[in-house]
Amino acid sequence: MPISEKIRASMERSSWIRKMFEEGIERKAKFGPENVFDFSLGNPDLEPPSKALDVLVEVAKDTTPGQHAYMPNAGFSETRQAVADYLNTFNGSRFSSGDVIMTVGAGGGLNVIFKAILNPQDEVIIPSPYFVEYNSYLDNHQGVPKVVACHADFSLNLEAISEAVSEKTRAVLINSPHNPTGRVYRKEELAELSKLLDHHSAKLGKPIYLVSDEPYRKIIYDGIVVPSVFDAYRESIVVTSFSKDLSLPGERIGYIAVNPEIADKTLLVGGMVFCNRILGFVNAPALMQRAIRHLLEESVDISIYQRRRDIFCEGLEAAGYEFQKPEGAFYLFPRSPVADDAEFVRALQEENILTVPGTGFGGPGHFRIAYCVEDKVIEKALPGFKRVMDKYR
Ligand SMILES: Cc1ncc(COP(=O)(O)O)c(C=O)c1O
């Protein structure tokens with residue numbers, strides 16, 4: 001076999017989204033792309049804001065020598081400072097450029113964090129359902145996921161998290177707004193989580209980190225506020241990107257920000273900067289770093305995603321689906337009317353509707369809909385959703 005047994009097995013396990021993607025290609029060829037309703041991928045369909053494209057052109061024109069050279073592994077100091085200033089506008093904490101590391105998207109950032117903090121077999125507690133790549137990111141650095149189910153409304157099950165803590169616990173990894181449920185964790189929830197982690201950290205005699213993955217922070221609805229984990233917990237690290245809010249996932253740009261008050265900050269940040277280098281990223285893309293410096297306040301038009309959420313929720317509700325209304329991100333995670341979510345997803349496929357079984361996200365009995373698609377795709381798909389539900393009721 002040309003690849004390792006381990007990678008082969010991981011490919012098999014994480015193949016749900018890929019399977020749907022391939023199914024989509026086949027069905028589009030057979031039935032015509034306009035007759036296939038593909039809700040399988042979280043790939044934003046909106047184009048980046050025109051200001052982002054203008055800034056990209058501007059920075060590309062800059063002929064000052066050294067713009068495309070290697071740089072400090074943490075990134076351009078001007079960009080790190082701009083991110084720190086931006087963070088200071090909505091966090092109580094005082095950030096400086098030294099608290100920020102520019103990364104190759106949020107995925108790159110998560111790998112940097114885990115590479116830096118994990119000893120072999122260290123455990124990271126992950127509330128489920130969850131973004132499935134977390135398993136691979138942890139495995140890359142010999143970490144072990146300790147998956148803990150959320151409550152039925154997708155709020156954090158703090159008791160279960162507390163019970164999952166062991167001597168090996170190194171971090172808790174949360175994601176808000178959440179993929180695949182659209183949940184936004186409340187300030188009180190984070191405060192309780194913080195108390196719990198303080199308690200266990202003191203007992204273990206070492207800090208348990210709270211890693212917060214926040215690429216959807218700006219994609220929120222109905223005026224909901226995403227509370228700051230920095231305000232809630234000292235040993236906190238945020239990782240984010242511009243993939244979703246600026247529709248730039250292919251450009252691979254994001255950052256890590258550590259709580260300015262975090263313990264042993266110099267060593268922790270130094271370790272992560274070193275890992276950015278040795279993971280082969282070396283540094284985040286230079287051109288994008290120079291661009292996003294001017295784009296920190298920007299985002300795509302979030303009201304478009306909110307409108308799509310509303311169209312979907314209304315249609316699914318009328319068809320008899322049970323779900324929690326998403327508060328952010330662009331995913332819905334309805335209940336499957338049968339226990340076997342893969343069976344239900346196959347039934348939707350017969351209507352040329354492509355979704356992903358919840359099992360693929362550690363949330364069996366559900367399925368995920370990514371509604372980063374045009375309104376008309378949602379509108380045309382809704383009768384099919386209803387027909388399939390009618391068969392199961
Ligand atoms: C929850 C979550 N975290 C991280 C990522 C990775 O983001 P990026 O493309 O910035 O690496 C995604 C992408 O879908 C995601 O949904």
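Since the structure is predicted, the reported quantities are computational estimates derived from the model, not experimental observations. One-based numbering, in listed order, for ligands and for the atoms of each. Note that these values count all heavy atoms, side chains included, but never hydrogens, waters or copies made by symmetry.
- Salt-bridge check for Arg170 with Glu123: failed, with every basic side-chain N at 4.0 Å or more from each acidic carboxylate O.
- Within 4.0 Å of ligand 1, the residues that place a heavy atom are Gly105, Ala106, Gly107, Phe131, Tyr134, Asn175, Asn179, Asp213, Pro215, Tyr216, Ser241, Ser243, Lys244, Arg252, listed by chain and number.
- Aromatic ring centres of Phe344 and Tyr392 lie closer together than 6.0 Å.
- Taking the six-membered ring where the residue is Trp, Tyr185 and His178 present tilted rings, their angle falling between 30° and 60°.
- The pair Asp222-Arg309 meets the salt-bridge criterion, since a charged nitrogen lies less than 4.0 angstrom from a carboxylate oxygen.
- Ion pairing of Arg27 with Glu350 is present here, as a side-chain N (NZ or NE/NH1/NH2) and a carboxylate O approach within less than 4.0 Å.
- Between Arg217 and Glu214, at least one side-chain N (NZ, or NE/NH1/NH2) sits under 4.0 Å from a carboxylate O, which counts as a salt bridge.
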